[in-house]
Amino acid sequence: EISLGLVGSEMCIRDSIYAMEHFACCSFFIEDPHRPFDDKDLFLANAFFNLFRKVYLKNLQNANNYAMHGQSLYHILTNQSLSSEEYAQLSLQENEAWSLFRLEKSQEARALQAEIMVSMLNLAIPPHILTSVYNVNIIGIMRSQVNDPRIEQQISVYFQDLLKEMGYIAAISNEMTDLLHADVYYQQITFLCENCINTSSAKLIYHFNDYIMDYILQICTDIIPEASLFTSDIKRLQHYEKKKKIDLLNTLIRYLDNECNVTLTAQELYLHRTSLVKRLARIEKLLNHSLDDPNYRLYLRICLQCLKMQK
């Protein structure tokens, strides 16, 4: 259909295309609202709409092709065998990799309906992002362009913008090259969604890389009680802190996070360097271990991460 009307103070002509149960619309504007359309304008508008129709229908054809890719992803997630055509569709070039992701609705925005979001992702930047609905969740794979960081950056920016506009948060797995092992990486994104994602936060993307320690500790503490991981020296430090009202645990955390840099830690804690050195000496005495020992520092990091998870 073609219609003539006003948009704000501008005259415009609209042409709508109905094809394959899809709808698209574009508009042709004349900047001067006091000049009426003439025959030349209508001729130009018709030529423009014909071009738009060709491009749109071609895009729909590509969308149908990549919808089949989403079906291939569903087959992988449900442990179904892939056809030779599906293998070819999902093949990687040298130095490329896939990452699995799952989308969660943000509490801070009204999220787009899942089926529509899947269609948008499959249509937007194929073959770099392919998605499907699996177990009522939006699951997808993202291709990493290791050979061209510029393209990877563009995809990342577009993906984040789309998440923000459509009200979603993404949990992203580590990279993989064999989609037959997707079930392992599916566990990674499931862990992120169930334990790490804060749907009321402004953060849009959660990478499994940043939560590996949490994942390992959760698996470990499912077998061994967390309290049994703490030796008497950790408990002694906690007791002293509670009794003396001195912030020793936070001091230790900052010191370890800063790779034992006294100057930087003192600045963060608003302490004189000498005061921090005395506090660290007190911590070492209570722990009965030297903080110069890298293995013991790793043990402390594990214990402190367990305490964080308890909270």
Side-chain angles (χ1 to χ4, degrees), residues 58-104 114-164 166 168-194 196-197 203-212 215-216:
K58 182 178 180 180
N59 206 25
L60 281 181
Q61 183 178 4
N62 291 336
N64 290 332
N65 292 337
Y66 288 108
M68 186 164 54
H69 288 207
Q71 189 176 28
S72 303
L73 174 60
Y74 182 81
H75 290 163
I76 292 169
L77 294 171
T78 53
N79 294 317
Q80 298 182 42
S81 58
L82 298 179
S83 65
S84 56
E85 183 180 3
E86 287 176 322
Y87 271 118
Q89 290 169 348
L90 298 173
S91 62
L92 294 168
Q93 301 297 323
E94 186 179 0
N95 294 327
E96 288 184 342
W98 290 112
S99 292
L100 200 64
F101 66 85
R102 171 176 157 182
L103 302 188
E104 291 288 317
E115 289 75 11
I116 300 177
M117 186 66 174
V118 166
S119 297
M120 288 188 65
L121 286 167
N122 285 335
L123 183 62
I125 40 179
H128 304 291
I129 293 180
L130 308 173
T131 55
S132 180
V133 175
Y134 176 67
N135 287 344
V136 199
N137 297 311
I138 300 176
I139 308 295
I141 50 176
M142 182 182 300
R143 189 188 301 260
S144 299
Q145 296 285 342
V146 180
N147 286 330
D148 195 339
R150 181 181 56 85
I151 294 179
E152 188 169 7
Q153 176 65 20
Q154 290 175 351
I155 294 171
S156 177
V157 170
Y158 178 84
F159 186 58
Q160 290 190 60
D161 288 345
L162 191 61
L163 291 175
K164 184 176 181 180
M166 302 307 167
Y168 280 92
I169 299 170
I172 302 180
S173 75
N174 288 343
E175 292 182 344
M176 58 182 169
T177 54
D178 189 351
L179 287 174
L180 295 179
H181 296 152
D183 56 329
V184 176
Y185 297 87
Y186 183 76
Q187 294 177 23
Q188 295 181 3
I189 58 175
T190 300
F191 169 78
L192 289 174
C193 291
E194 293 179 353
C196 306
I197 283 184
K203 187 173 181 179
L204 295 174
I205 294 181
Y206 290 74
H207 291 279
F208 182 73
N209 274 348
D210 299 327
Y211 297 91
I212 289 178
Y215 180 69
I216 293 173

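On a predicted model such as this, the values are computed, not experimentally measured, just so you know.
Under the rule for a side chain to side chain contact (heavy atoms under 4.5 Å, CB included), the partners of Val157 that lie at least two apart in sequence or sit in another chain are Gln153, Asp161. Partners of Ser84 according to the side chain to side chain contact (heavy atoms under 4.5 Å, CB included) rule, which considers only residues two or more places apart in sequence or in another chain, do not exist here. Taking the side chain to side chain contact (heavy atoms under 4.5 Å, CB included) definition, one finds that Leu180 meets it with Tyr87, Asp178, sequence neighbours left out. For the side chain to side chain donor-acceptor pair (under 3.5 Å) test, no residue two or more places apart in sequence or in another chain qualifies with Tyr206. With sequence neighbours excluded, the residues forming a side chain to side chain donor-acceptor pair (under 3.5 Å) with Thr78 are Gln80, listed by chain and number.
Residue His207 holds its NE2 atom at 13.0 Å from CD1 of Ile189, rounded to the nearest 0.5 Å. How far CD of Gln188 is from CZ of Arg102: 13.5 Å, rounded to the nearest 0.5 Å. Remark: Cys196 SG to Asp210 CG distance equals 9.5 Å, nearest 0.5 Å. Annotation: the span from Ile172 atom CD1 to Met142 atom CE amounts to 4.5 Å, rounded to 0.5 Å. Ile138 contributes atom CD1, which lies 11.5 Å from atom CE of Met166 (distance to the nearest 0.5 angstrom). Atoms CZ and CH2, on Arg143 and Trp98 in that order, are 3.5 Å from each other to the nearest 0.5 Å.
With a 4.5 Å cut-off on side-chain heavy atoms, Met176 and Leu100 count as touching. The closest side-chain heavy-atom distance from Leu103 to Leu163 is below 4.5 Å. Taking 4.5 Å as the limit, every side-chain heavy atom of Leu82 sits out of range of all side-chain heavy atoms of Leu179. A heavy-atom distance below 4.5 Å is not found between the side chains of Ile76 and Ile141. Under the 4.5 Å side-chain criterion, counting only non-hydrogen atoms from C-beta, Leu204 is not in contact with Phe159. Proximity of Glu104 to Asn137: side-chain heavy atoms (C-beta onward) are separated by under 4.5 Å at one or more points.
Side chain of Thr131 to main chain of Val118: a donor-acceptor pair is present (N/O by atom type, distance under 3.5 Å, no hydrogens or angles).
For residues 173-192, the set of pairs meeting the ring pair (Phe, Tyr, Trp, His ring centres under 6.0 Å) definition, not counting sequence neighbours, comprises Tyr134-Tyr186, Phe191-Tyr215.
Heavy atoms only, all atoms of each residue included: Tyr74 and Ser132 are closest at CB-OG, 3.7 Å.
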Side chain to side chain contact (heavy atoms under 4.5 Å, CB included) between Phe101 and Ile129, worked out: CA-CA 10 Å; Phe101 66 85; Ile129 293 180; 3.8 Å; yes

